[in-house]
Participant: 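Okay, here's the structure, questions in a sec.
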Amino acid sequence: MPAEGFVTVTRDEGSTIAELNRPDEGNILTLEMLDALSTALHEAEHDPNCSAFVLCAAYDSFCMGDDLRKLASENIDVFLSSYWRFVANLASAAVPTVAVVTGPAVGGGVGLTAACDIAICGPKATFQLPEVFFGMLPTILLPPLAWRIGPQRALRLAALGEIVSAEMAPELGLVDLLSSNPVAAKREVLEVLHRSDRDTIAVVKRIHRAEFSLDTWFKEYRKLLLDVRWNDPKVVDRVQRMIREGVL
């Protein structure tokens with residue numbers, strides 16, 4: 001399959017591989033990238049010969065989150081809706097989803113990791129929710145993060161903005177496997193998934209997710225909270241200042 005913007009989608013022995021490929025910008029998400037990822041996941045779900053959907057990234061970063069430089073001057077509703085829809089679909093997809101994190105995952109990148117069924121990381125991976133430092137809220141990604149690590153730990157990461165190392169990530173439950181060779185670890189996981197019955201895994205996923213609903217009201221409530229913060233002059237000033245200083 002051809003590259004779609006900054007996302008390259010390929011097939012590898014029955015698996016769909018979606019690779020974030022915007023290395024110069026730390027694989028920061030754009031609306032076009034989310035659209036390409038959503039299309040790739042949709043096609044994987046409807047391909048009976050696809051045994052897994054793999055989300056990975058090129059070069060040194062996994063995903064540095066959203067592009068606040070653009071969101072600071074644009075309406076964020078469309079982007080947030082697209083991000084929410086993709087995260088929700090990752091969590092509920094009929095096909096098993098696997099994240100392979102080989103570098104920093106920040107903000108929305110943590111949400112992508114948490115929403116996948118299986119998460120693998122390499123020794124250079126780190127995870128952080130820095131939104132608190134510029135007055136924003138990581139609300140949309142908190143439900144999948146709470147699934148993985150529990151509500152109190154999710155609150156801690158959101159409130160303190162601390163960096164979670166690759167070594168700490170399995171202890172928190174943020175990833176399932178830490179490997180010095182994440183590509184080899186991914187291959188082993190895909191071999192198991194390829195031998196498994198996809199429909200049975202889909203049922204297991206539905207049972208597992210039943211306690212943690214992704215109903216529409218979650219999205220609307222979180223969007224409301226974000227809109228309130230985004231329109232707070234103090235938050236706008238802080239974000240603009242960080243942009244001018246080159247922090248964002």
Participant: Cluster question for you: counting only ILVMFWY and a side-chain heavy-atom cut-off of under 4.5 Å, with indirect links fine, are Val100 and Met64 together?
Facilitator: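 No, Val100 and Met64 fall in different hydrophobic clusters.
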
Participant: Drop me the distance from Ser82's OG to Leu31's CG, to the nearest 0.5 angstrom.
Facilitator: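 So the gap between those two atoms works out to 5.0 Å.
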
Participant: Once salt bridge (charged side-chain N to carboxylate O under 4.0 Å, His left out) is applied, what residue pairs with a partner in residues 97-112 remain, sequence neighbours excluded?
Facilitator: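 Those involving residues 97-112 do not exist here.
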
Participant: Run the side-chain hydrogen bond (donor to acceptor under 3.5 Å, both in side chains) test against Asp197 and tell me which residues pass, sequence neighbours left out.
Facilitator: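 Listed in chain order: Thr200.
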
Participant: Applying side-chain contact (heavy atoms from CB on, under 4.5 Å) to Leu90 and Leu41, what does each step give before you reach the verdict?
Facilitator: CA-CA 8 Å; Leu90 271 178; Leu41 179 59; 4.2 Å; yes

Participant: Between Leu155 and Gln152, is the side-chain contact (heavy atoms from CB on, under 4.5 Å) condition met? List the steps.
Facilitator: CA-CA 5 Å; Leu155 173 62; Gln152 186 59 38; 3.9 Å; yes

Participant: Atom CD1 in Ile149, atom CG in Leu145: separation rounded to 0.5 Å?
Facilitator: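 Those atoms lie 4.0 Å apart.
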
Participant: Please find the pair of heavy atoms, one from Ala58 and one from Asn21, that lie closest to each other, and give the distance.
Facilitator: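 Smallest interatomic distance, heavy atoms only, reads CB-OD1, 3.6 Å.
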
Participant: Ala105 and Phe62: which non-hydrogen atoms are nearest, and at how many Å?
Facilitator: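 That closest heavy-atom pairing would be CB-CD2, 3.8 Å.
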
Participant: According to side-chain contact (heavy atoms from CB on, under 4.5 Å), who are the partners of Asp60, at least two apart in sequence or on a separate chain?
Facilitator: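 By the side-chain contact (heavy atoms from CB on, under 4.5 Å) rule, Asp60 matches no residue at all.
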
Participant: For Tyr83 and Gly108, indicate whether the former's side chain and the latter's backbone hold a donor-acceptor pair under 3.5 Å.
Facilitator: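 Here the side-chain-to-backbone pair exists.
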
Participant: Name each donor-acceptor pair under 3.5 Å that joins a side chain in residues 171-188 to protein atoms two or more places apart or in another chain, with its distance.
Facilitator:
{"residue": "Asp176", "atom": "OD2", "partner": "Ala119", "partner atom": "N", "Å": "2.8"}
{"residue": "Asp176", "atom": "OD2", "partner": "Arg148", "partner atom": "NH2", "Å": "2.8"}
{"residue": "Ser179", "atom": "OG", "partner": "Asn181", "partner atom": "N", "Å": "3.0"}
{"residue": "Ser179", "atom": "OG", "partner": "Asn181", "partner atom": "O", "Å": "3.0"}
{"residue": "Asn181", "atom": "OD1", "partner": "Val183", "partner atom": "N", "Å": "3.4"}
{"residue": "Asn181", "atom": "OD1", "partner": "Ala184", "partner atom": "N", "Å": "3.1"}

Participant: Return each pair, listed once, that meets ring-ring contact (aromatic ring centres under 6.0 Å, His included) where at least one residue sits in residues 29-50; pairs must be two or more places apart or across chains.
Facilitator: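 Applying ring-ring contact (aromatic ring centres under 6.0 Å, His included) to every pair that reaches into residues 29-50, excluding sequence neighbours, yields His42-His46.
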
Participant: Are Cys121 and Phe127 close enough that some pair of their side-chain heavy atoms sits under 4.5 Å apart?
Facilitator: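 Yes; the side chains approach each other to less than 4.5 Å.
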
Participant: Linking I/L/V/M/F/W/Y whenever any side-chain heavy atoms sit under 4.5 Å apart, do Leu112 and Trp84 land together?
Facilitator: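 Result: yes, single cluster for both.
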
Participant: Quickly, which of Thr126, Leu129, Leu157, Val101 forms a side-chain contact (heavy atoms from CB on, under 4.5 Å) with Val110? Name it, please.
Facilitator: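 Checked Thr126, Leu129, Leu157, Val101 against Val110; only one passes side-chain contact (heavy atoms from CB on, under 4.5 Å): Leu129.
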
Participant: Under the side-chain contact (heavy atoms from CB on, under 4.5 Å) test, which residues partner Ala44, sequence neighbours left out?
Facilitator: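 With sequence neighbours excluded, Ala44 shows a side-chain contact (heavy atoms from CB on, under 4.5 Å) to Thr16, Cys50, Phe53, Val95, given in chain and number order.
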
Participant: Taking only residues two or more places apart in sequence or in another chain, which ones pass side-chain contact (heavy atoms from CB on, under 4.5 Å) with Pro151?
Facilitator: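 Testing Pro151 for side-chain contact (heavy atoms from CB on, under 4.5 Å), a comparison that skips the adjacent residues, returns none.
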
Participant: Going by heavy atoms in the side chains, are Ile118 and Pro96 under 4.5 Å from each other?
Facilitator: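 Answer no - side chains too far apart.
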
Participant: So for atom CD, which belongs to Glu167, do other residues, nucleotides or ligands contribute more than 12 heavy atoms lying within a distance under 6.0 Å?
Facilitator: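 Yes.
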
Participant: Would you mind telling me which of Asn89, Leu20, Val9 makes a side-chain contact (heavy atoms from CB on, under 4.5 Å) with Leu37?
Facilitator: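 The single option meeting the side-chain contact (heavy atoms from CB on, under 4.5 Å) with Leu37 is Leu20.
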
Participant: Donor-acceptor pair, Asn27 side chain versus Ser61 backbone, under 3.5 Å?
Facilitator: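 At least one qualifying donor-acceptor pair exists.
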
Participant: According to the side chain to side chain donor-acceptor pair (under 3.5 Å) rule, which pairs have a member within residues 101-125, sequence neighbours left out?
Facilitator: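 As it turns out, the side chain to side chain donor-acceptor pair (under 3.5 Å) pairs with a partner in residues 101-125, which skip direct neighbours, are Thr97-Asp117, Asp117-Lys205.
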
Participant: Return the set of residues passing side-chain contact (heavy atoms from CB on, under 4.5 Å) with Gln128 (not counting sequence neighbours), or none when no residue passes.
Facilitator: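 Residues passing side-chain contact (heavy atoms from CB on, under 4.5 Å) with Gln128: Pro130, Phe133, Ile163.
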
Participant: Which other residues end up in the same hydrophobic cluster as Leu160, if Ile, Leu, Val, Met, Phe, Trp and Tyr are linked when side-chain heavy atoms come under 4.5 Å apart?
Facilitator: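 Taking Ile, Leu, Val, Met, Phe, Trp and Tyr as members, Leu160 stands alone, with no cluster partners.
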
Participant: Got a second to check how far Asp47's CG is from Ser15's OG, nearest 0.5 Å?
Facilitator: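 Output value for this atom pair is 10.5 Å.
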
Participant: Kindly compute the distance separating CD1 (Ile17) from CZ (Arg11), expressed to the nearest 0.5 Å.
Facilitator: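 Answer for the CD1-CZ pair, Ile17 versus Arg11, is 9.0 Å.
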
Participant: If every non-hydrogen atom of Leu29 is compared with every non-hydrogen atom of Phe79, which pair is closest and at what distance?
Facilitator: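 Shortest heavy-atom contact: O-CE1, 3.9 Å.
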
Participant: How far does OG of Ser196 sit from CD1 of Ile201, to the nearest 0.5 angstrom?
Facilitator: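 Answer for the OG-CD1 pair, Ser196 versus Ile201, is 4.5 Å.
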
Participant: Considering residues at least two apart in sequence or located in another chain, which fulfil the salt bridge (charged side-chain N to carboxylate O under 4.0 Å, His left out) criterion with Arg156?
Facilitator: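 With neighbours one apart ignored, the set is Glu162.
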
Participant: Between Arg22 and Ile28, is there a donor-acceptor pair closer than 3.5 Å when you use the side chain of the first and the backbone of the second?
Facilitator: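 Between the backbone of Ile28 and the side chain of Arg22 there is a qualifying donor-acceptor contact (under 3.5 Å).
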
Participant: Which atoms form the tightest heavy-atom contact between His194 and Ser51, and what is the distance?
Facilitator: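 Heavy atoms of His194 and Ser51 come nearest at ND1-OG, 3.5 Å.
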
Participant: Side-chain heavy atoms under 4.5 Å apart, restricted to Ile/Leu/Val/Met/Phe/Trp/Tyr: what other residues fall into the cluster of Val204, or is it alone?
Facilitator: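 Traced through the cluster, Val204 reaches no other member.
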
Participant: Roughly how far, to the nearest 0.5 Å, is the CZ atom of Phe86 from the CG atom of Leu55?
Facilitator: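 Rounded to the nearest 0.5 Å, the CG-CZ separation comes out at 5.5 Å.
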
